[in-house]
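Note sheet for the following structure.
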There are 2 protein chains.
Amino acid sequence: MTQLKSFHHGDLKRVLFDVALARLDEHGASGVTIRAVAKDAGVSHGAPVNHYKDRRALLTALAKAQFDALLTGIDTRLAELDDDPGPRIEIIASAMMDFGFRYPHRYRLLWSADLIDHSDAEILSVMDSIYDRLCAEFSKAVPGRDFDKDTYAVALWSMLHGYVDMRLSGMFEPLNDSISGAPRGKAIIDLFKIFFE
Amino acid sequence: MTQLKSFHHGDLKRVLFDVALARLDEHGASGVTIRAVAKDAGVSHGAPVNHYKDRRALLTALAKAQFDALLTGIDTRLAELDDDPGPRIEIIASAMMDFGFRYPHRYRLLWSADLIDHSDAEILSVMDSIYDRLCAEFSKAVPGRDFDKDTYAVALWSMLHGYVDMRLSGMFEPLNDSISGAPRGKAIIDLFKIFFE
DNA sequence: ATTCGCATATAGACACTGTCAATATAATTG
DNA sequence: CAATTATATTGACAGTGTCTATATGCGAAT
């Protein structure tokens with residue numbers, strides 16, 4: 001009598017997370033429904049509530065992990081560089097762009113205020129960290145212009161996010177761009193370098 | 001016998017649009033459901049299909065009108081200026097920012113690829129027009145830098161959109177900004193002026 | 001070792017949702 | 001006036017999130 005499946009799943013929370021992430025990548029956030037995720041995990045539609053109190057909590061957990069991944073990606077790449085702020089800013093920028101183009105649905109989820117809880121402490125913490133990375137570089141890099149490092153940080157992050165978000169909406173398609181290495185994305189980053197080079 | 005309400009509504013399409021816009025402003029796009037709109041309009045839940053074939057069509061109609069309004073706002077403000085590209089670029093930028101902060105849910109709808117049809121010909125046309133307005137100014141304004149007018153246009157629009165979108169997600173709140181006239185939004189625009197002044 | 005309690009899973013219900021088909025009504029056209 | 005067309009109603013169906021009552025099984029305390 002094979003017991004491939006016991007009543008108590010044992011690791012359901014993890015399975016739910018993995019299944020939800022797979023559905024996010026494939027169908028977007030609208031494809032991540034409690035019932036569909038439960039079905040994919042092989043449990044009843046009521047089971048997930050024990051691990052994620054509602055759909056919002058599940059999506060917030062997904063977003064949290066992606067914010068973490070983004071920050072980790074940035075820090076990993078930064079660790080390979082020396083103190084020169086120019087390349088460091090550039091690597092932060094391309095890390096963010098790469099993430100967005102590689103995982104469009106994950107990226108979109110990060111900014112879906114109606115789907116996730118942006119006041120989540122861990123999410124706020126990661127956002128602050130990313131912001132700090134930018135500020136740290138600009139505090140070293142800014143020449144004698146009339147703006148403080150916060151303005152540069154907000155401006156660069158805004159530009160990166162706006163570019164990725166609009167590209168994910170199908171804009172600028174005729175420009176034949178694809179990822180940060182491609183002409184337009186690269187140009188956007190290069191353009192911003194005027195501020196610190 | 002007062003006939004406040006005849007079987008044939010007469011102007012239902014307009015009423016549906018108005019009611020939907022009101023719901024959008026108040027509850028966001030998720031509050032614009034076919035059935036709720038029908039209820040507010042005082043008709044049965046099946047009536048709207050005669051005017052908007054599905055929910056996506058209704059939301060696309062809303063978005064279309066808002067894109068139009070944005071373009072009209074830009075052109076109206078531009079008409080009051082002379083040929084100097086600096087102020088003209090600035091007015092385009094603040095028009096977009098103002099729109100986003102004044103009508104957050106409308107702005108968010110414009111970029112909700114999952115809710116509206118971004119391949120709609122009229123919407124594409126308005127987007128092209130907005131893009132053209134930016135390019136036209138940068139073709140007059142760009143100094144001897146290494147980027148073409150398209151790159152400046154994409155970069156500025158990206159920055160504006162990114163800033164508004166992130167602000168609408170609750171970011172940069174501690175900076176105590178509110179609208180384009182306020183410190184941070186103004187600074188973002190001022191910062192970009194480095195490219196053409 | 002047995003029993004009790006708690007964590008977890010199930011199953012059913014409810015109120016929503018979008019969308020479709022069948023029907024009813026009114027306006028318009030021939 | 002009759003017939004066609006446009007428009008609105010009603011009911012159905014499959015989804016959805018979320019709540020409640022119930023069932024199950026693990027682990028810990030007796």
Side-chain angles (χ1 to χ4, degrees), chain A residues 1-24 26-63 105 109 112-117, chain B residues 1-24 26-63 105 109 112-117:
Chain A
M1 187 86 91
T2 59
Q3 51 178 35
L4 280 174
K5 180 182 163 189
S6 59
F7 185 92
H8 276 50
H9 194 289
D11 200 21
L12 183 54
K13 184 162 190 173
R14 166 113 315 170
V15 172
L16 290 173
F17 181 94
D18 293 341
V19 162
L21 184 57
R23 294 194 69 90
L24 175 64
E26 195 168 358
H27 309 287
S30 66
V32 183
T33 67
I34 293 289
R35 295 176 106 105
V37 166
K39 189 172 217 170
D40 285 2
V43 294
S44 72
H45 69 268
V49 78
N50 297 299
H51 306 281
Y52 300 100
K53 88 171 207 296
D54 55 18
R55 180 171 184 251
R56 190 178 187 77
L58 173 58
L59 290 172
T60 300
L62 287 180
H105 290 124
L109 179 66
S112 299
D114 47 333
L115 298 181
I116 72 170
D117 179 15
Chain B
M1 185 88 88
T2 59
Q3 51 179 33
L4 280 174
K5 181 183 163 187
S6 59
F7 185 91
H8 274 50
H9 195 288
D11 201 21
L12 182 55
K13 185 163 190 173
R14 166 114 311 165
V15 172
L16 290 173
F17 181 95
D18 293 342
V19 162
L21 185 58
R23 293 194 71 89
L24 174 64
E26 196 168 359
H27 308 287
S30 67
V32 183
T33 68
I34 293 290
R35 294 176 106 105
V37 166
K39 189 173 217 169
D40 285 2
V43 293
S44 72
H45 69 268
V49 76
N50 297 299
H51 306 281
Y52 300 99
K53 88 172 206 295
D54 55 18
R55 180 170 184 252
R56 189 178 188 77
L58 174 58
L59 291 172
T60 300
L62 287 179
H105 291 124
L109 178 66
S112 299
D114 47 334
L115 297 181
I116 73 171
D117 179 15

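None of the values given here were measured: they were computed from a predicted structure. In what follows, every chain begins at residue 1, and chains take the letters A, B, ... in the order their sequences are listed.
Residue pairs meeting the side chain to side chain donor-acceptor pair (under 3.5 Å) criterion with at least one member in residues 26-45 of chain B, sequence neighbours excluded: Arg23(B)-Asp40(B). Residue pairs that meet the side chain to side chain donor-acceptor pair (under 3.5 Å) test with at least one member in residues 49-58 of chain B, sequence neighbours left out, do not exist here.
A close approach under 4.0 Å does occur between a side-chain nitrogen or oxygen of His51(A) and OP1 or OP2 of dA9(C).
Considering only the side chain of Ser44(A), dA9(C) comes nearest among dT9(D), dA9(C), dT19(C).
Distance CG (Asp11(B)) to C1' (dA8(D)): 15 Å, rounded to an integer number of Å. Remark: P of dT17(C) and NE2 of His27(B) are 12 Å apart, rounded to the nearest angstrom. One can place CZ of Arg23(B) at 12 Å from C1' of dC16(C), the figure rounded to the nearest angstrom. Protein atom CG of Leu16(A) is 12 Å distant from nucleotide atom C1' of dT8(C), rounded to whole Å. A straight line from CG of Asp54(A) to P of dC19(D) spans 8 Å, rounded to a whole angstrom. Atoms CG (Asp40(B)) and P (dT17(C)) sit 11 Å apart, rounded to a whole Å. Between the P atom of dA9(C) and the NZ atom of Lys39(A) lies a distance of 19 Å, rounded to the nearest Å.
Toward the 5′ end of DNA chain D lies the nearest nucleotide of Pro48(B), the other residue of the pair Val49(A) and Pro48(B) mapping further downstream.
Nearest heavy-atom pair, Pro48(B) versus Ile34(B), reported as atom, atom and distance to 0.1 Å: CG-CG2, 4.1 Å. When all heavy atoms of Leu109(A) and Ala63(A) are compared, the closest pair comes out as CD2-N, 3.9 Å. Contact between Leu16(A) and Ala41(A) at its shortest, heavy atoms only, is CD2-CB, 3.9 Å. Summarising the geometry of Val43(A) relative to Leu12(A), their closest heavy-atom pair is CG1-CD1, 3.9 Å, with the distance given to 0.1 Å.
For Asn50(B) against dA6(D), no side-chain N or O and base N or O form a donor-acceptor pair under 3.5 Å.
Separating the CG atom in Leu59(A) from the CD1 atom in Ile116(A) is a distance of 8.5 Å, to the nearest 0.5 Å.
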Each nucleotide of nucleotides 11-16 of chain D classed B (base within 4.0 Å of a protein heavy atom), S (only sugar-phosphate) or -, in 5' to 3' order, makes BB---B
